[in-house]
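Here's the structure, in structure tokens; my notes come after.
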Amino acid sequence: MAEVLQRPTEVDTVDGQIRIVICQGTGCMSSGSDEVYEAFREQIGALDGTENVALSWSEGDIDHEELGIEPKKSGCHGFCELGPLVRIDPMNVLYTQVGVDDVEDIVEKTIRNGEVIEELCFEDETGARQSRTDNIPFYSEQKRLALGNCGRIDPESVEEYKTTGGYEAMQTVLSEMDPEDVYGEVQDAGLRGRGGGGFPAGNKWMFAHQEDASEKYVIANCDEGDPGAFMDRCLVEGDPHRVIEGMVIAGYATGANEGIIYLRAEYPLAVDRIQQAIEDAYEAGYLGTNIMGTGFDFDFEVEKGAGAFVCGEETALMSSIEGGAGRPSPRPPYPAQSGLEDKPTTINNVETLANVPLIINNGAEWFKQYGSEDSPGTKTFAVSGDCSATGLMEIPMGLTLQEIIDVAGGIEGDKEFKAVQIGGPSGGCLAEKHLDMPVTFDSLQEVGAMLGSGGLVVMDDETCMVDVARFFLDFTQDESCGKCPPCRIGTHKMLRILERITDGEGEPGDIDRLEELGETIAESSLCGLGQTAPNPVLSTLEHFRDEYEAHIYDDECPAGECEIGGGDHAGTYKIAAQDCVGCQQCVDVCPVDAIAGDPGEAHSIDPETCIGCGQCVEACPTDAIDMRT
Amino acid sequence: MATLERVKQSLRSGESESGTDSDIIPADAGVEDVCDDEIETVEAILTDVRPEKRGVIPALQQVQDEYGYLPKFAFELIARHCEKSLADIYSTASFYSQFHLEPRGDYSVRVCTGTACHVAGADEVSEELQDELGVGLDEVTDDGSFTIEHVRCVGACGLAPVVTVDDDVHGPIEPDDAETIIEEYNESGD
């Protein structure tokens with residue numbers, strides 16, 4: 001027996017509408033959600049003149065527009081893996097993996113007769129079908145503030161943004177508040193930069209405000225270069241007007257009349273949406289001269305990046321806008337003093353900006369009820385990898401890693417959790433022992449990781465941690481701008497060593513070399529890219545050292561991912577470093593001098609030279625030598 | 001046809017503004033095939049670009065949108081328009097991975113190499129696509145249809161591993177899907 005929906009009252013609805021919300025995020029669109037939208041338009045139009053549609057609140061013949069049964073586009077709902085997603089509001093019915101062929105059914109059964117189509121509902125781990133988002137942990141455990149409108153409203157409509165209280169904060173700020181009050185409120189709220197650094201946003205604004213200059217800039221940083229991160233993309237695609245509103249407020253607080261959003265060119269949909277939103281905002285009088293009659297002027301334009309990870313760094317980003325190569329410069333001077341074109345410049349991540357209208361509307365105290373004391377508010381995470389529900393989520397700061405993974409549906413299948421990579425190339429890998437650690441800016445730094453922008457890749461026991469470290473070093477050394485030698489040469493050296501190890505040619509001493517190089521690069525690099533580049537290696541060395549050792553000393557990849565092992569050298573011998581006492585007895589007996597190593601240090605056997613005679617095995621007092629298979 | 005030397009001189013002395021369009025094409029820079037039409041095309045693009053340093057990257061992007069890569073003669077025009085040296089323009093263009101100095105295929109097949117895609121097997125997908133097209137990374141197929149390249153995270157991690165063809169996103173894909181994806185575009189191109 002299919003579940004039958006209650007007819008909603010007009011009060012339940014937004015603007016008296018029954019909304020069929022079809023996700024138009026990058027994920028769902030790649031699975032054909034734009035065609036699903038068109039199919040809904042056609043089917044809903046065909047309802048006109050029919051009678052008694054279950055989900056409308058009035059009886060009789062219907063005109064779908066008059067009754068407000070409308071298919072609506074929206075930004076990312078977050079549950080990307082199960083797209084295309086269709087939600088029917090205000091009932092909160094969620095249909096997953098909706099195809100064009102399902103549309104007629106949905107309109108006929110659900111919209112017309114109020115029946116829930118079970119096959120299209122989310123199947124939880126017990127095999128039960130859940131029709132409402134409230135019953136799906138992925139949604140019910142989230143606290144969506146910054147992403148509050150994403151997946152709810154049509155991102156291409158300024159009117160819809162206004163129905164959610166959009167541009168009210170801007171009006172309050174421009175007509176009732178002094179700049180000092182604005183940044184003061186943001187300071188009180190304890191809003192910290194969501195781009196990864198965690199610097200208090202209100203302080204940034206205050207510094208820029210205090211600079212005496214006729215021209216200032218504010219820049220929204222949406223150069224989301226971390227692999228595995230897509231929060232900023234979803235935010236701009238799903239609620240571009242929120243970013244605009246946050247920018248105007250930032251401009252007012254700092255005294256800037258010009259704003260720029262720096263957006264990755266790899267996000268074509270986000271570029272289109274923000275460009276459209278800016279045009280609409282100009283038309284509606286929310287941008288331009290004398291905004292809403294308050295006398296405040298603010299211009300806003302889009303700059304597309306050109307594919308350089310380092311441009312997420314503030315000074316490199318500004319160099320890029322100025323038409324140069326994206327190379328960072330030493331600070332001070334800080335951008336707040338001398339930034340773009342030598343003018344005081346405030347740079348905020350788009351997620352930081354998206355929180356600002358909420359803080360103005362609801363107050364600092366309201367904001368602080370979420371999250372932890374040091375890291376108030378929520379954080380968006382892009383969860384991907386080996387978990388059941390990959391996608392975009394927003395949760396209060398301070399949840400434990402385990403809780404975050406649970407929201408994402410836990411580890412996929414019957415595999416074991418192994419690690420979480422957090423913060424992208426600047427972050428680190430966390431192991432099982434960190435699962436109960438609350439995730440905040442500061443707690444992560446203490447364990448050698450970094451919140452970064454919020455990319456979180458879950459890995460199961462089939463993932464090789466040495467290979468993950470190699471992957472990130474490959475990334476950072478490729479993206480190093482080349483300006484300072486520690487980063488340019490150091491990351492290259494580290495990568496060569498890691499490649500050697502994953503190829504099964506690691507040498508004793510490689511681990512020490514990696515650690516020494518890593519610490520030196522972290523201390524002496526010019527910008528954040530270099531300073532944090534060794535994190536993935538150092539954190540995996542700390543938490544998964546045994547995997548490195550297995551590669552180097554046992555010619556073995558415990559996860560079975562790297563193609564090493566005995567291979568061509570089967571039949572020769574190897575020394576287990578952890579058992580070797582460095583007595584040199586094997587060195588003395590080897591007839592072909594294949595064994596090297598200083599006294600007291602772990603020895604190693606060169607498999608190219610070894611003839612497999614086995615004399616060392618007999619000589620070894622600690623049984624540290626074994627045959628390769 | 002002007003020589004490279006003459007172009008340099010005219011740029012230095014600021015005379016280039018008064019020269020005819022064809023004067024700025026350096027013959028020995030291998031662009032003798034460029035006709036006035038192409039120069040007009042680029043100049044039309046540049047009329048919407050601000051004539052200063054902040055115009056450099058937008059100019060390079062828009063020219064590349066037109067040609068699929070950055071032809072040499074366009075560097076001259078951009079340098080003049082933005083009042084920067086040729087070296088500055090080249091320095092910028094060669095720094096960013098988005099810019100190509102060699103012609104590309106009609107379709108750009110991009111294999112995402114972000115973390116989620118890497119863990120989900122992007123390498124195998126890339127190899128299969130290269131086999132299917134018979135070219136290596138950043139090479140153009142004989143018929144000029146495809147170029148395959150590795151790109152940084154496209155931010156569609158929920159669909160890993162992901163391949164994009166121009167602005168279309170495909171995912172999650174298996175190595176076996178390579179043939180189907182290429183077919184789709186081969187057909188639409190026919």
Side-chain angles (χ1 to χ4, degrees), chain A residues 25-27 29-31 78-83 224-234 264-270 303-309 311 320-327 341 382-386 390-392 421 424-425 455 457 459 463 467-468 471-472 475 478-479 481, chain B residues 49-50 52-62 64-65 78-79 82-84 88-100 110 112-123 149-160 162-173:
Chain A
T26 296
M29 278 182 82
S30 79
S31 344
F79 217 176
C80 305
E81 192 168 292
L82 294 177
E224 187 175 47
D226 288 15
F230 50 92
M231 302 78 51
D232 295 352
R233 193 207 72 201
C234 293
R264 290 181 82 202
E266 287 89 337
Y267 290 172
L269 186 63
E303 290 275 353
K304 278 195 293 177
F309 174 67
C311 288
S320 176
I321 294 178
E322 290 176 1
R327 295 204 177 89
E341 291 172 343
V383 183
S384 59
D386 302 313
T390 60
L392 176 75
Q421 207 286 336
V457 184
M459 299 176 213
T463 312
D467 184 61
V468 168
F471 167 78
F472 281 111
F475 180 91
D478 192 43
E479 292 291 345
C481 78
Chain B
V49 174
R50 56 172 95 196
E52 45 146 330
K53 60 187 179 182
R54 275 183 63 186
V56 173
I57 288 181
L60 291 168
Q61 284 168 332
Q62 288 172 35
Q64 182 160 296
D65 283 346
I78 294 171
C82 298
E83 297 184 350
K84 301 284 279 185
D88 286 335
I89 305 297
Y90 183 76
S91 157
T92 299
S94 58
F95 181 85
Y96 295 96
S97 60
Q98 188 194 31
F99 296 126
H100 308 298
R110 303 188 177 97
C112 176
T113 57
T115 321
C117 291
H118 174 76
V119 175
D123 285 350
E149 56 188 282
H150 281 177
V151 289
R152 297 300 179 212
C153 187
V154 298
C157 310
L159 305 172
V162 170
V163 169
T164 68
V165 182
D166 292 346
D167 286 348
D168 300 342
V169 180
H170 300 269
I173 69 166

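Proteins get letters first, then strands, A, B, ... in listed order; numbering begins at 1 in each.
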> Which heavy-atom pair separates B:Q98 from A:G305 by the least distance, and what is that distance?
Replying inline: OE1-O, 3.7 Å

> Highest number of heavy-atom pairs under 4.5 Å with chain A: which of B:G114, B:S94, B:G55?
Replying inline: B:G114

> So how far is it from B:T113 OG1 to A:F471 CZ, rounded to the nearest 0.5 Å?
Replying inline: 6.0 Å

>> Using a 6.0 Å cut-off, check whether atom OH of B:Y90 has over 12 heavy atoms from anything other than its own residue.
In response: no

> When only pairs under 4.5 Å are counted, which of A:M231, A:E224, A:R327 shares the most heavy-atom pairs with chain B?
Replying inline: A:R327

> Could you give the distance from CZ (A:R264) to CZ (B:R152), rounded to the nearest 0.5 Å?
Replying inline: 9.5 Å

> Could you give the distance from CE (A:M29) to CG (B:D167), rounded to the nearest 0.5 Å?
Replying inline: 10.5 Å

>> For a 4.5 angstrom cut-off between non-hydrogen side-chain atoms, does A:E266 reach B:R110?
In response: no

> For A:F79, is it the side chain, the backbone, both or neither that has a heavy atom under 4.5 Å from a heavy atom of chain B?
Replying inline: neither

>> Which atoms of A:D232 are under 4.5 Å from chain B, going by heavy atoms: the side chain, the backbone, both sets, or neither?
In response: neither

> Around A:E341, counting heavy atoms of other residues, nucleotides and ligands shown, do more than 12 lie under 6.0 Å from its CD?
Replying inline: yes

> Nearest heavy-atom pair of A:A308 and B:Y96: which atoms, and what distance?
Replying inline: CB-CD2, 3.6 Å

> Between A:T390 and B:C157, does a side-chain contact (heavy atoms from CB on, under 4.5 Å) hold up when you go through it step by step?
Replying inline: CA-CA 8 Å; A:T390 60; B:C157 310; over 6 Å; no

>> On a heavy-atom basis, which atom in B:P58 and which in A:E303 lie closest, and how many Å separate them?
In response: CG-OE1, 4.0 Å

> If you take all heavy atoms of B:A116 and A:G385, which pair is closest and at what distance?
Replying inline: CB-N, 4.5 Å

> Top residue by heavy-atom pair count (under 4.5 Å) with chain B, among A:S31, A:C234, A:A306, A:S30?
Replying inline: A:A306

> In terms of heavy-atom pairs under 4.5 Å with chain A, which of B:I89, B:I57, B:L60, B:D88 leads?
Replying inline: B:I57

> For B:F95, is it the side chain, the backbone, both, or neither that has a heavy atom closer than 4.5 Å to a heavy atom of chain A?
Replying inline: side chain

> What heavy-atom pair brings A:R233 and B:V154 nearest, and what distance separates the two atoms?
Replying inline: NH1-O, 3.9 Å

>> Taking side chain as everything from C-beta outward and backbone as N, CA, C, O, which of these in B:Q64 sits under 4.5 Å from a heavy atom of chain A? Side chain, backbone, both or neither.
In response: neither

> With a 4.5 angstrom heavy-atom cut-off, which part of B:A120 approaches chain A: side chain, backbone, both or neither?
Replying inline: neither

> What pair of heavy atoms forms the shortest contact from A:I321 to B:R54, and how long is it?
Replying inline: O-CG, 3.3 Å

